[in-house]
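Inspection log for the structure reproduced underneath, given as structure tokens.
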Amino acid sequence: MYTLYYSPGAASLAVHAAIHETGADHQLVNVDLDVPRTDDYLRLNPQGTVPTLLIDGVAHRESAALLMLLAERHPEANLAPAPGAPGRAEWLQWTVALATSLGGPFRHWFYPQDLGRDTHDEASRAPVRRTLEAGFERIASHLAAHGPYLLGEQFSSADYQLCMYMRWSRAMPKPATEWPELDRLARLVIARPAWRSAVAMEKLRGWQLDGDQ
Ligand SMILES: N[C@@H](CCC(=O)N[C@@H](CS)C(=O)NCC(=O)O)C(=O)O
């Protein structure tokens, strides 16, 4: 039994969808990010972020690590190429690269306090925007040559990670869906029943690809 501490649309979304792919029993706990985290939650996750995934009562965090953990625990769900199989190294590489090249900068986009600022302004956000757009550009070039998924013809958890980050870009000046190769990948991902279940349960709205859940 898994317990996923999540917040709608947050870094927990890819993990939530991946859990649905596994078919594993799970329960959800909605963490309100608009108020300070409780001491109980901080004991599970000292950073106070989501996601946190409880596995047999032990708390684990970091969305990329959780996706790798789920892939390892549920090989039958095909969330990743098996160890030693073609594409395995590439999957590890993408999982880490997405977390650092998109996940890190998105923290700066949404949380000015991470950069020592109280609020956002266009000037301070400009370099973050350039970093994110450059990241999406590099991925789109890769997909143009090797898509439609990050691992070519094979879907993997990294595509959930990418789709989640794409969703976060929806209110940016250049949303990720403006890159045709990224839009194509996202449309394949959002058609998966597991993604649709997670989106429906989190009652997500506001992205053109959220659809009528
Ligand atoms: N690197 C972490 C980032 C987690 C993260 O920053 N989550 C955000 C929501 S998307 C959060 O919990 N924000 C609340 C806060 O920082 O207080 C991961 O991928 O799990």
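Given the structure is predicted, the values throughout are model-derived calculations rather than measurements. Counting starts at 1 for both ligands and their atoms, in listed order.
- For atom 3 (C) of ligand 1, the nearest protein heavy atom is 4.0 Å or more away.
- Ring geometry for Phe136 versus Trp179: interplanar angle of 30 to 60°, hence tilted.
- Nearest-residue assignment for atom 15 (C) of ligand 1 (options Gln47, Arg37, Arg61; heavy-atom criterion): Arg37.
- Using a 4.0 Å cut-off between charged nitrogen and carboxylate oxygen, Asp183 and Arg187 count as a salt-bridge pair.
- Annotation: cation-pi pair Arg129/Trp109 absent, no NZ/CZ under 6.0 Å from the ring centroid and within 45° of its normal.
- Side chain to side chain, Tyr5 and Arg37 fail the donor-acceptor criterion of an N or O pair below 3.5 Å.
- Below 30°, between 30° and 60°, or above 60°: for Tyr6 and His16 the angle between ring planes is between 30° and 60°, a tilted geometry.
- A parallel orientation is assigned to the rings of Phe110 and Phe106, their planes being inclined by less than 30° (bins at 30° and 60°).
- Contacts between Tyr111 and ligand 1 below 4.0 angstrom, taking non-hydrogen atoms only, involve the side chain exclusively.
- For atom 1 (N) of ligand 1, the nearest protein heavy atom (residue, atom name, distance) is Glu62 OE1, 2.7 Å.
- Residue-level proximity to ligand 1 for Arg107 is carried by the side chain, the only part with a heavy atom below 4.0 angstrom.
- Protein heavy atom at the shortest distance from atom 10 (S) of ligand 1 is Ala11 N, 3.3 Å.
- The nearest non-hydrogen atom to atom 5 (C) of ligand 1, considering only Thr100, Thr52, Leu53, Val50, comes from Val50.
- Nearest to atom 20 (O) of ligand 1 by heavy atom, out of Ala14, Ser63, Gly104, is Ser63.
- When each atom of ligand 1 is checked for a heavy atom of Pro51 under 4.0 Å away, the hits are 20 (O).
- The closest side-chain heavy-atom distance from Trp207 to Thr177 is below 4.5 Å.
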